[in-house]
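In what follows, a single structure is set out as C-alpha cells and then discussed.
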Amino acid sequence: ACCGSNLSIQQVQMLIANGAEEIIVAFDKQYPALNTEESKRWSIKLTKLHNKYKNDCLITFLWDRGTALEYKDSPIDQGKDIFLQLFKERVRIE
C-alpha cells in the first residue's frame, strides 16, 4: 500500500530487494472520465512516476479506459471480475 497517491524510492527499493520483477500501481480512479483535464493530469503524473523508476524495475498501471470504475473507486471496488479485467489490460509505458 502506498497510503496515498505516491510511490517512494524506499518502497521501490524494498520491493526490488525482495525480488519484485514488476511493480503494478493500482491507485484509485482520480478522474471522472477519460479525455478530461483531470485524466490528462493524472496520466502525466503516472508517466512521471514511471520515468522516475523505469531504470529500476518494470512499472505498470491499472488504468480504467472506460467506465468500469466510478470516480474515486479503487480497482477492486467493483469486484473481482473488474479488477482482473483491469489487471489484464494494465498499461505499460514505453
State yes or no: do [X] and [Y] share one hydrophobic cluster built from I, L, V, M, F, W and Y residues joined by side-chain heavy-atom distances below 4.5 Å, directly or via other members?
{"X": "I24", "Y": "L84", "answer": "yes"}
{"X": "L7", "Y": "I9", "answer": "yes"}
{"X": "I16", "Y": "L49", "answer": "yes"}
{"X": "V91", "Y": "V12", "answer": "yes"}

Sequence-distant partners of [X], side-chain contact (heavy atoms from CB on, under 4.5 Å), two or more places apart:
{"X": "S8", "result": "Q10, Q11"}
{"X": "L15", "result": "A20, I23"}
{"X": "A33", "result": "T36"}

TODO: Hey, could you give me each pair passing side chain to side chain donor-acceptor pair (under 3.5 Å) that has a residue in residues 45-54? Not counting sequence neighbours.
DONE: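 For residues 45-54: S5-K45.
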Task: Neighbour count >12 (heavy atoms, 6.0 Å) for atom CZ, F87 - done: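 No, not enclosed.
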Task: For E21, all residues meeting side chain to side chain donor-acceptor pair (under 3.5 Å), sequence neighbours excluded - done: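 Applying side chain to side chain donor-acceptor pair (under 3.5 Å) to E21 gives none.
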Open item on the list: Tell me whether D28 contacts the main-chain N or O of Q30 through its side chain, where contact means a donor paired with an acceptor under 3.5 Å.
Closed with: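 Pair absent, no side-chain N/O of D28 close to backbone of Q30.
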Open item on the list: With salt bridge (charged side-chain N to carboxylate O under 4.0 Å, His left out) as the rule and sequence neighbours excluded, what pairs involving residues 67-94 come up?
Closed with: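 The answer is E22-R90, R92-E94.
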- [ ] Determine which pairs satisfy salt bridge (charged side-chain N to carboxylate O under 4.0 Å, His left out) with at least one residue from residues 7-19, sequence neighbours left out, and list them in order.
- [x]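 Counting only pairs at least two positions apart or across chains, no salt bridge (charged side-chain N to carboxylate O under 4.0 Å, His left out) contact touches residues 7-19.
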Rounded to the nearest 0.5 Å, what separation is found between the [atom1] atom of [X] and the [atom2] atom of [Y]?
{"X": "K40", "Y": "E37", "atom1": "NZ", "atom2": "CD", "result": "5.0 Å"}
{"X": "L58", "Y": "I93", "atom1": "CG", "atom2": "CD1", "result": "10.5 Å"}
{"X": "K29", "Y": "S39", "atom1": "NZ", "atom2": "OG", "result": "9.0 Å"}

Report yes if some heavy atom in the side chain of [X] is under 4.5 Å from a heavy atom in the side chain of [Y]; otherwise report no.
{"X": "V25", "Y": "I59", "answer": "yes"}
{"X": "D64", "Y": "L34", "answer": "no"}
{"X": "F27", "Y": "L46", "answer": "yes"}
{"X": "F83", "Y": "L62", "answer": "yes"}

Task: Contacts of R65 that satisfy salt bridge (Lys or Arg N to Asp or Glu O under 4.0 Å) - sequence neighbours left out - done: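 In terms of salt bridge (Lys or Arg N to Asp or Glu O under 4.0 Å), with neighbours along the sequence ignored, R65 is linked to no residue.
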TODO: Verify side chain to side chain contact (heavy atoms under 4.5 Å, CB included) between S43 and Y31, making sure each step is shown before the conclusion.
DONE: CA-CA 10 Å; S43 177; Y31 50 94; over 6 Å; no
Task: Smallest separation among heavy atoms of L69 and P75, with atom names - done: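 Result for this residue pair: CD1-CA, 4.0 Å.
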